[in-house]
**Student:** 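Could you have a look at this structure, given as structure tokens, before my questions?
On a predicted model such as this, the values are computed, not experimentally measured, just so you know.
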Amino acid sequence: MQICKIRLRLFLTIILVIGCSLTFAQEQPKHKGHRPNFEKFLKDRVSFVTRAMELDAADSVKFVPLYLEMLKEKGELMFKRPRQRIRPDQEYPDSVYTKAAEGEIEFNFEDAKIEKKYLQKFQEILTPKQVFSWIQAEKKFIGSFMQKGRGHRQEAQK
């Protein structure tokens, strides 16, 4: 009987993650350019982070919707961000470099404010150890994502 409850919780958690992922992906604003496999990226990120945090089904059910909400806010911030197109092979006036540097710092600040807001929400539903695990899992995911990106770029250059 206990095994059936665990399987049911696991099944419901998986359905919730997939449903939230699809909902989140559909709500993304449309932009120029190709965003390859965003749904897979989102699913992989949620899966990676929840696995690294070692969340059980009950904690996953509480964490994943909030986590997706946070990722949505961070995504909206990224799309509102004005882009400075600075090419390394060109020279620009100092004002362009200054504006670009200030823009990067401002973006990082706003991104950190979103994380702080959700840190407080996560602290209401998770243990301090789980919250710390979330922060570490985020760092690991970004690192692994960047490493994969470098591998793809190196293969393309060959």
**Student:** Report, as yes or no, whether the 6.0 Å neighbourhood of atom NZ on Lys121 holds more than 12 heavy atoms from other residues, nucleotides or ligands.
**Tutor:** yes
**Student:** Looking at Asn108, I want to see if its CG is surrounded by more than 12 non-hydrogen atoms of other residues, nucleotides or ligands under 6.0 Å.
**Tutor:** yes
**Student:** Salt bridge or not for Glu110 and Lys80, using N-O below 4.0 Å?
**Tutor:** no
**Student:** Closest approach of Ser60 and Pro65, non-hydrogen atoms and distance?
**Tutor:** O-CD, 4.1 Å
**Student:** Grab the two heavy atoms, one from Ala100 and one from Ile86, that are nearest each other, plus how far apart they are.
**Tutor:** CB-CD1, 3.5 Å
**Student:** Between the side chains of Glu73 and Lys117, is the shortest nitrogen-to-carboxylate-oxygen separation below 4.0 Å, so that they form an ion pair?
**Tutor:** yes
**Student:** Let me confirm one number: the CG-CD distance from Leu119 to Glu124, rounded to the nearest 0.5 Å.
**Tutor:** 10.5 Å
**Student:** Taking the side chain as everything from C-beta on, heavy atoms only, tell me whether Leu77 gets closer than 4.5 Å to Arg81.
**Tutor:** no
**Student:** Taking the side chain as C-beta and beyond, is there a heavy-atom pair between Lys129 and Met53 under 4.5 Å?
**Tutor:** no
**Student:** Which atom pair, heavy atoms only, marks the closest approach of Ile142 to Arg45?
**Tutor:** CD1-NH2, 4.1 Å
**Student:** Phe109, Met78: one ILVMFWY side-chain cluster at the under-4.5 Å cut-off?
**Tutor:** no
**Student:** Hydrophobic clustering (ILVMFWY, side-chain heavy atoms < 4.5 Å, transitive) - are Ile125 and Phe132 grouped together?
**Tutor:** no
**Student:** Around atom NZ of Lys139, are there more than 12 heavy atoms of other residues, nucleotides or ligands at under 6.0 Å?
**Tutor:** no
**Student:** Give the minimum heavy-atom separation between Ser144 and Phe48, together with the two atoms involved.
**Tutor:** OG-CE1, 4.2 Å
**Student:** Run the ring-centre check on Phe141 versus Phe41 and record whether the distance is less than 6.0 Å.
**Tutor:** yes
**Student:** Closest approach of Tyr118 and Glu69, non-hydrogen atoms and distance?
**Tutor:** OH-OE2, 2.7 Å
**Student:** Working to the nearest 0.5 Å, report the span between CH2 of Trp134 and OG1 of Thr50.
**Tutor:** 14.0 Å
**Student:** Any side-chain heavy-atom pair from Leu126 and Leu55 closer than 4.5 angstrom?
**Tutor:** yes
**Student:** Hey, are Tyr67 and Glu138 close enough side-chain-wise for a donor-acceptor pair under 3.5 Å?
**Tutor:** yes
**Student:** Going by the rule side chain to side chain contact (heavy atoms under 4.5 Å, CB included), which residues pair with Glu91 if we only count those two or more places apart in sequence or in a different chain?
**Tutor:** Tyr97
**Student:** Provide the closest heavy-atom pair for Phe122 versus Met70 in the form atom of the first, atom of the second, distance.
**Tutor:** CE1-SD, 4.3 Å
**Student:** Inspect the surroundings of CD in Glu54 and state if more than 12 heavy atoms from other residues, nucleotides or ligands are less than 6.0 Å away.
**Tutor:** no
**Student:** Please examine the side chains of Lys62 and Asp59, heavy atoms only from C-beta on, and report whether any two atoms are closer than 4.5 Å.
**Tutor:** yes
